[in-house]
Amino acid sequence: MNFEFATSHRIIFGNGALAKLASFAPDYGRCALVVTGRGSVPIDPLSSVLENANLEYVIFRVQGEPDIEIIQKGYATAIDSKCDFVIGYGGGAAIDAAKAISALMTNPGDLMNYLEVIGNGQSIQNPAAPMIALPTTAGTGTEVTRNAVIASREYRVKVSMRSPLMIPRIAIVDPELTYTMPPEVTASTGMDALIQVIEAYVSNSANPMTDVIAREGIIRGSRSLLKAYQNGLDKNAREDMSLTSLFGGIALANAGLGAVHGFAGPIGGMFDAPHGKVCACLLPPVMKYNAIALSQLEGGDAIKQRYKEIASILTGHPDSPIEDGVQWVSHLAQQLSIQGLRFLGIKRENFDEIVEKSMISSSMQKNPVKLEREVLLEILEEAF
């Protein structure tokens, strides 16, 4: 067995961990580009820490999902302001933008040179500028991954800029920063976190290290997502979900994902729909049809056993069949007020285009079994 494992140089986890930023941020320079969201997350806690450490900072806001133009503007702001390092403070979009900007600060050329699928996919040669990730949501786990997801309005797709040299130097995961997430965002991001550990656990590139991490994430996410949704101040639930997100990021960076995210990337580029909600709609039929395909595949029993184990964790019953796991995730989505794809603006007439784009996505290549085009269309229909 051969595998590689990479993650952030340093991970700091725990309530109040934000305060520790002051002890090492000055090592990276005097001025930080703070990449954050549109303003729903209070910036004051971070500002106080930076000011107490006598650090200068420039705030760059990302409105919605980062696209090519936003990344280029952020890079220009960092250069014009003579920033030495970057802090990503917010949800997955803000941190992804911060990662891409930090990579451009030390690697010459146009952003398109480095983008997969629509660009040249050129390798990043130099370590990104020092970047510190501070997630304020519990979802993508991008604080410990090697890629940044960037939207192309021209091509109507989301693609990645990817390199081990883009992994943040430090990830500070402070569950207290997630307390202000509204229920709807908690539901969407939390489903993404839970689905990531599930997909990483059954990925065709899973390895013993990611197995341990993903399985623990499934346990914590399944027991705490609904609790965090119902009570955002539930300390234990918020801590569990921050860990689920972190574990998902570590696992996906080293094992990949699967068909749910293989679909979600193209859908996200084509429609303005919350990523986690899209994934939540897709998970039940993907689990169902993966299990069917594995039953018809020689050697598929090992992965089917993993799906049975997932069902047992989700339901709390040791002998639960895969079908019970599928029903459990469907019911959870209902409890989180997540409906079908049709309620997110996706149209049936776009199914063919979605399938064509999803079939070449990197996540689809990690699905435990190859799904034919007709099956992919059926998955979309059942998620609709």
Side-chain angles (χ1 to χ4, degrees), residues 1 3 141 190-226 244 247-248 250-252 254-264 276 278-336 338 358 361 363-372 374-383:
M1 178 181 296
F3 65 88
M191 282 300 294
D192 188 26
L194 178 58
I195 292 167
Q196 285 181 166
V197 287
I198 289 174
E199 289 210 294
Y201 194 59
V202 296
S203 163
N204 59 31
S205 294
N207 64 65
M209 289 187 71
T210 60
D211 285 349
V212 173
I213 293 166
R215 189 179 189 281
E216 182 68 16
I218 296 169
I219 292 170
R220 291 178 179 271
S222 61
R223 77 186 183 194
S224 291
L225 175 51
L226 185 59
T244 301
F247 292 166
I250 295 172
L252 77 87
N254 292 281
L257 293 168
V260 172
H261 281 82
F263 275 122
V278 171
C279 291
C281 296
L282 290 162
L283 180 61
V286 166
M287 289 176 65
K288 170 185 170 180
Y289 283 99
N290 271 348
I292 293 172
L294 287 164
S295 298
Q296 302 165 352
L297 179 70
E298 184 177 351
D301 288 346
I303 301 298
K304 274 196 70 176
Q305 186 58 43
R306 291 195 174 215
Y307 271 118
K308 289 179 181 178
E309 184 181 359
I310 290 169
S312 296
I313 294 171
L314 297 179
T315 64
H317 301 298
D319 298 321
S320 289
I322 296 171
E323 292 76 15
D324 286 0
V326 173
Q327 292 176 5
W328 189 94
V329 293
S330 295
H331 183 57
L332 176 62
Q334 293 172 7
Q335 291 176 296
L336 298 174
I338 297 174
S358 70
S361 67
S363 289
M364 193 66 79
Q365 313 315 311
K366 302 293 185 181
N367 199 58
V369 62
K370 179 177 173 56
L371 299 174
E372 299 300 330
E374 293 74 17
V375 175
L376 297 176
L377 286 168
E378 191 63 33
I379 288 171
L380 288 176
E381 185 62 40
E382 292 197 13

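Atom set for the values below is all heavy atoms of this structure, side chains included, hydrogens, waters and symmetry mates excluded. One-based numbering along the sequence shown. Computed from a predicted model, the values in this text were never measured in an experiment.
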Check: Quick one: NE2 on His317 to OG on Ser312, what's the gap to the nearest 0.5 Å?
Finding: 9.5 Å
Note to self: Tell me the closest heavy-atom pair linking Ala259 and Val286, and the distance in Å.
What the structure shows: CB-CG1, 3.9 Å
Note to self: If I compare all heavy atoms of Gly221 with all of Thr244, which pair ends up nearest, and what's the gap?
What the structure shows: N-OG1, 3.1 Å
Check: What's the verdict on side-chain contact (heavy atoms from CB on, under 4.5 Å) for Ile292 and Gln296, showing C-alpha distance, side-chain angles and the deciding distance?
Finding: CA-CA 7 Å; Ile292 293 172; Gln296 302 165 352; 3.9 Å; yes
Notebook entry, point to check: Within the side chain of Glu199, is there an N or O that forms a donor-acceptor pair under 3.5 Å with the backbone of Gly256?
Noted result: no
Next item on the list: Please name all residues satisfying side chain to side chain contact (heavy atoms under 4.5 Å, CB included) with Ala291, sequence neighbours left out, ordered by chain then number.
Entry: Ile322
Next item on the list: Considering non-hydrogen atoms only, spot the tightest contact between Ile379 and Leu371 and give its length.
Entry: CD1-CD1, 3.9 Å
Note to self: Regarding Lys366 and Ser205, do their side chains bring together a donor and an acceptor under 3.5 Å, going by distance alone?
What the structure shows: yes
Notebook entry, point to check: Hey, mind stepping through Tyr289 and Val369 against side-chain contact (heavy atoms from CB on, under 4.5 Å) and telling me if it holds?
Noted result: CA-CA 10 Å; Tyr289 283 99; Val369 62; over 6 Å; no
Margin query: Treating Gln365 as the side-chain partner and Ser361 as the backbone partner, does any N or O pair qualify as donor plus acceptor under 3.5 Å?
Written below: yes
Notebook entry, point to check: Does a side-chain heavy-atom distance below 4.5 Å link Glu374 with Leu377?
Noted result: no
Notebook entry, point to check: So do the side chains of Leu376 and Glu372 get within less than 4.5 Å of each other, counting heavy atoms only?
Noted result: no
Item checked: Nearest-0.5 Å distance that lies between atom CD1 in Ile303 and atom CG in Leu294 -> 7.0 Å
Note to self: Strictly distance-based, threshold 3.5 Å: is any side-chain N or O of Ser203 a donor or acceptor partner for the main-chain N or O of Ala255?
What the structure shows: yes
Checklist line | Side chains of Asn367 and Asn290, donor plus acceptor under 3.5 Å | finding: yes
Item checked: Worked verdict on Lys288 versus Glu382 for side-chain contact (heavy atoms from CB on, under 4.5 Å) -> CA-CA 10 Å; Lys288 170 185 170 180; Glu382 292 197 13; 3.0 Å; yes
Next item on the list: State the SG-CG distance between Cys279 and Asp192, to the nearest 0.5 angstrom.
Entry: 5.0 Å
Notebook entry, point to check: Are Glu309 and Arg215 close enough for a salt bridge, meaning some N to O gap below 4.0 Å?
Noted result: yes
Check: Does His261 reach the side chain of Gln196, with side-chain heavy atoms less than 4.5 Å apart?
Finding: yes
Next item on the list: With Arg220 as the cation and Phe247 as the aromatic partner, state whether NZ or CZ is under 6.0 Å from the six-membered ring centre and within 45° of the axis.
Entry: no
Item checked: Under 3.5 Å donor-acceptor, Ser358 side chain and Phe263 backbone -> no
Note to self: To the closest 0.5 Å, what do you measure between CG (Asp324) and CH2 (Trp328)?
What the structure shows: 12.5 Å
Check: Of all heavy-atom pairs between Met191 and Gly276, which one has the smallest distance, and what is that distance?
Finding: CB-O, 4.0 Å
Margin query: Could you tell me if Asp211 and Tyr201 have a donor-acceptor pair between their side chains, going purely by distance under 3.5 Å?
Written below: no
Check: Between Met287 and Gly325, which heavy-atom pair has the shortest distance, and what is it?
Finding: CE-C, 4.1 Å
Check: Where do Val326 and Pro284 come nearest, in terms of heavy atoms and distance?
Finding: CG1-O, 3.7 Å
Next item on the list: Evaluate side-chain hydrogen bond (donor to acceptor under 3.5 Å, both in side chains) for Ser295 paired with Lys304, printing each intermediate quantity in order.
Entry: CA-CA 8 Å; Ser295 298; Lys304 274 196 70 176; 2.9 Å; yes
Note to self: Nearest 0.5 angstrom please: Leu283 CG to Ser330 OG, how far?
What the structure shows: 8.0 Å
Item checked: Residue pair Asn254 / Ile213, side-chain heavy-atom distance below 4.5 Å -> no
Notebook entry, point to check: Is a donor on one side and an acceptor on the other found under 3.5 Å between the side chain of Thr210 and the backbone of Ala206?
Noted result: no
Note to self: Tell me every residue that passes side chain to side chain contact (heavy atoms under 4.5 Å, CB included) with Ala383, counting only those two or more places apart in sequence or in another chain.
What the structure shows: Cys281, Leu282, Pro285, Leu341
Check: In Å and rounded to the nearest 0.5 Å, what is the CG to CG distance from Leu332 to Leu314?
Finding: 9.0 Å
Margin query: Within the structure provided, determine whether Val202 and Ile310 are in side-chain contact (heavy-atom separation under 4.5 Å).
Written below: yes
